[in-house]
Amino acid sequence: MRALCWAGADAVEVRRVPDPELRNAQDMIVRVRRSTTCGADLPLLGGRVPEASAGEVLGREFLGEVVEVGPEVRRHRVADRVVVGAAVACGSCWFCRQGLLACCDNGTSGVTAEPEWGQPSAGGFGRPARLGGFAGGHAEFVRVPYADVGAFAVPESVSDDRAVFAADAAPAGWYGAELGEVAPGDVVAVWGAGAVGQLTAGAAVARGADRVIVVDDRDDRLRMVARHAGVEALNHRYVDVLAELRERSGGRGPDVCVDASGTPAEPSRWPLTDTDGGTALREAVHACRKGGVVVVLDARPGVVDRFPLGALADKGLAVRAARRRGATAIPELLARMARDELVTEHLATHRMPLERGADGYALFRDRADGCVRVVFTP
Ligand SMILES: [Zn+2]
């Protein structure tokens, strides 16, 4: 089959790779209809993930049609249209039973970054195999492990272009508002107007926030989130963000501050002992009202330096962090999509065939031409 593969630093290319096959009784094979770029791909594309091997298939978020099911798959049949959660989890370990699918003990395909992170996390599509990942969805076919746990039937009325965002971007964004315990009347600030930041802002509105303010440095993205989520936008190139947020929150600072700025477009700084930007996180800690909540939604693998511990403790802030939600939220998000309460297709600013994967990733990395997400069709 054809698949978009990592081909070394700053290079992706479509290659012919072997078709995936069922390996376990709970596996299924999906013929991909849509897949999307993800900010978490950028460190890999930058060539700074030493665990990656050329030829590995990219693509964390995808949607497709079931073409083959293993003997123990109960919830899916051939020809079902499904969206597949980006985290691979077993559904039965202690963490999965607590609903923490992204923390699964059994989801990885092998070696993980356990020495750096202390414990393994769930597996994921389109991550290097040596970090516990599985071949991704920028391909004609994908093997989906633990199919009953991570894949969900898409309601007939929801288009492919909308539902593909239920794989990870929407669950992550909604998780940001959930972790922040956004409540009616809150003032919420979100750093980052990429897909996850925009969806976090929308989730904060849906939870009844009084004001939601999104901070970014791109006018095109800010215009989009203001229009689609009905929120306020701040471009930190033109305004003093801290002063402006204080002003817009009655002088106290926002109740909830979410760092959804994601992975910097420039290559991530590996190895893990190096430090990384963290500008938005520092700003969030400084902006947040005393006793508020700071949420970090981040895909960076490494370490952030100059963390403002003093401000954190003095202000009595809570910090909660996640890389992804896990699949548990997907059915509810699909139901919201079916009711037109959650609209996502505008985030696919660019659509192209998989053959143009290299062009698509260049656009996405450089945030060129107003690019928020590129959606590929095999
Ligand atoms: Zn598990």
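- Looking at Arg31 and Glu140, no side-chain N of the basic residue comes within less than 4.0 Å of a carboxylate O on the acidic one, giving no salt bridge.
- The shortest side-chain heavy-atom distance between Phe62 and Val144 falls under the 4.5 Å cut-off.
- The closest donor-acceptor contact from the side chain of Lys315 to the backbone of His286 lies under 3.5 Å.
- In terms of modelled atom types and a separation under 3.5 Å, the side chain of Arg207 and the main chain of Val182 share a donor-acceptor contact.
- Hydrophobic clustering (side-chain heavy atoms under 4.5 Å, transitive across Ile, Leu, Val, Met, Phe, Trp, Tyr) keeps Leu333 apart from Val149.
- Separation of atoms CG (Asp105) and CZ (Phe95) is listed at 5.5 Å; rounding is to 0.5 Å.
- A salt bridge is defined here as a Lys NZ or Arg NE, NH1 or NH2 lying under 4.0 Å from an Asp or Glu carboxylate O, and Asp160 with Arg351 fails to meet this definition.
- With no hydrogens or angles considered, a side-chain donor-acceptor pair links His350 and Asp369 at under 3.5 Å.
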Test side chain to side chain contact (heavy atoms under 4.5 Å, CB included) on Val88 and Thr108 and set out the steps.
-> CA-CA 7 Å; Val88 176; Thr108 65; over 6 Å; no
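- The shortest non-hydrogen separation linking Val12 to Ala358 is CG2-CA, 3.5 Å.
- Using a 4.5 Å heavy-atom cutoff, the side chains of Phe141 and Val67 are in contact.
- The shortest heavy-atom contact between Glu283 and Val241 is OE1-CG1, 3.8 Å.
- In this structure, the side chains of Leu4 and Val57 stay at 4.5 Å or more apart for every pair of heavy atoms.
- Inter-residue side-chain proximity for Asp41 and Trp6 is flagged as unmet; no heavy-atom pair is nearer than 4.5 Å.
- Grouping the Ile, Leu, Val, Met, Phe, Trp and Tyr side chains by contacts below 4.5 angstrom, directly or via other members, places Met1 with Leu22.
- Arg306 contributes atom CZ, which lies 4.0 Å from atom CZ of Arg282 (distance to the nearest 0.5 angstrom).
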Audit row: Lys290, Arg252, side chain to side chain contact (heavy atoms under 4.5 Å, CB included) steps and yes/no | CA-CA 8 Å; Lys290 290 174 279 186; Arg252 282 199 301 270; over 6 Å; no
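- Separation of atoms CG (Leu222) and CD (Gln198) is listed at 8.5 Å; rounding is to 0.5 Å.
- Between the side chains of Arg162 and Thr344, not a single donor N or O lies within less than 3.5 Å of an accepting N or O.
- Val154 is not connected to Val30 by any chain of hydrophobic side-chain contacts under 4.5 Å among Ile, Leu, Val, Met, Phe, Trp and Tyr, and they are in different clusters.
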Side chain to side chain donor-acceptor pair (under 3.5 Å) between Thr36 and Arg373, worked out | CA-CA 7 Å; Thr36 160; Arg373 287 287 183 105; 3.3 Å; yes
What do the steps show when you test Leu245 against Leu234 for side chain to side chain contact (heavy atoms under 4.5 Å, CB included), and what is the final call?
-> CA-CA 9 Å; Leu245 288 176; Leu234 282 184; 4.0 Å; yes
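- Between Glu156 and Arg81 no salt bridge is recorded (no basic side-chain N to carboxylate O distance below 4.0 Å).
- Under the 4.0 Å criterion applied to side-chain N and carboxylate O atoms, Asp220 and Arg223 are not assigned as salt-bridge partners.
- Using a 4.5 Å heavy-atom cutoff, the side chains of Val82 and Met28 are in contact.
- Under 4.0 Å is where a charged nitrogen must lie from a carboxylate oxygen, and between Arg143 and Glu21 no such pair does.
- The backbone N or O of Ala151 sits less than 3.5 Å from a side-chain atom of His76, completing a donor-acceptor pair.
- Counting heavy atoms from C-beta on, the side chains of Leu63 and Val32 never come closer than 4.5 Å.
- Taken from CZ in Arg60 to SG in Cys38, the straight-line distance is 5.5 Å, to the nearest 0.5 Å.
- Val319 and Trp191 fall into different hydrophobic clusters, defined by Ile, Leu, Val, Met, Phe, Trp and Tyr side-chain heavy atoms under 4.5 Å apart, directly or through other members.
- Using a 4.0 Å cut-off between a side-chain N of Lys or Arg and a carboxylate O of Asp or Glu, Arg74 and Glu72 do not qualify as a salt bridge.
- When side chains are defined from C-beta on, Asp255 does not count as touching Val293, because their heavy atoms never get closer than 4.5 Å.
- Closest of all the heavy-atom pairs between Gly107 and Tyr146 is CA-CE1, 4.5 Å.
- The shortest heavy-atom contact between Phe125 and Ala135 is CD2-O, 3.5 Å.
- With respect to Asp10 and Arg365, a salt bridge is recorded, a charged nitrogen being found less than 4.0 Å from a carboxylate O.
- In the hydrophobic clustering of this structure, Val215 does not group with Val188; members are Ile, Leu, Val, Met, Phe, Trp, Tyr whose side-chain heavy atoms approach within less than 4.5 Å, directly or through other members.
- Counting non-hydrogen atoms of neighbouring residues, nucleotides and ligands closer than 6.0 angstrom, the CZ atom of Arg77 reaches no more than 12 such neighbours.
- Electrostatic pairing of Asp161 and Arg34 counts as a salt bridge here, judged by a charged N lying under 4.0 Å from a carboxylate O.
- Atoms CG and OG, on Leu297 and Ser261 in that order, are 9.5 Å from each other to the nearest 0.5 Å.
- The backbone N or O of Ala311 sits nowhere less than 3.5 Å from a side-chain atom of Asp314 that would complete a donor-acceptor pair.
- Under the side chain to side chain contact (heavy atoms under 4.5 Å, CB included) criterion, Ala203 pairs with Trp174, Ala177, sequence neighbours left out.
- Counting all heavy atoms, side chain and backbone alike, Val83 lies closest to Ala166 at CG2-C, 4.1 Å.
- Counting only heavy atoms from C-beta outward, the side chains of Leu317 and Val285 approach each other to under 4.5 Å.
- A side-chain donor from one of Asn235 and Asp219 sits under 3.5 Å from a side-chain acceptor of the other.
- Taking a 6.0 Å sphere around CZ of Arg23, one finds it holds 12 or fewer heavy atoms contributed by other residues, nucleotides or ligands.
- A donor-acceptor pair under 3.5 Å is formed between the side chain of Asp240 and the backbone N or O of Ala243.
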Stepwise side chain to side chain contact (heavy atoms under 4.5 Å, CB included) test for Leu199 and Leu342 = CA-CA 9 Å; Leu199 290 161; Leu342 175 57; 3.9 Å; yes
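- Atom CZ in Phe376 sits 9.0 Å away from atom CG in Leu58 (nearest 0.5 Å).
- Of all the heavy atoms in Asp216 and Gly194, the pair that sits closest is OD2-N, 4.3 Å.
- Distance alone, capped at 3.5 Å, places no donor-acceptor pair between the Arg127 side chain and the Gly136 backbone.
- Side-chain atoms of Thr349 come within 3.5 Å of backbone atoms of Val372 as a donor-acceptor pair (strictly under, hydrogens ignored).
- A parallel orientation is assigned to the rings of His346 and His228, their planes being inclined by less than 30° (bins at 30° and 60°).
- More than 12 heavy atoms of other residues, nucleotides or ligands lie within 6.0 Å of CD in Glu341, so this atom counts as buried by the packing criterion.
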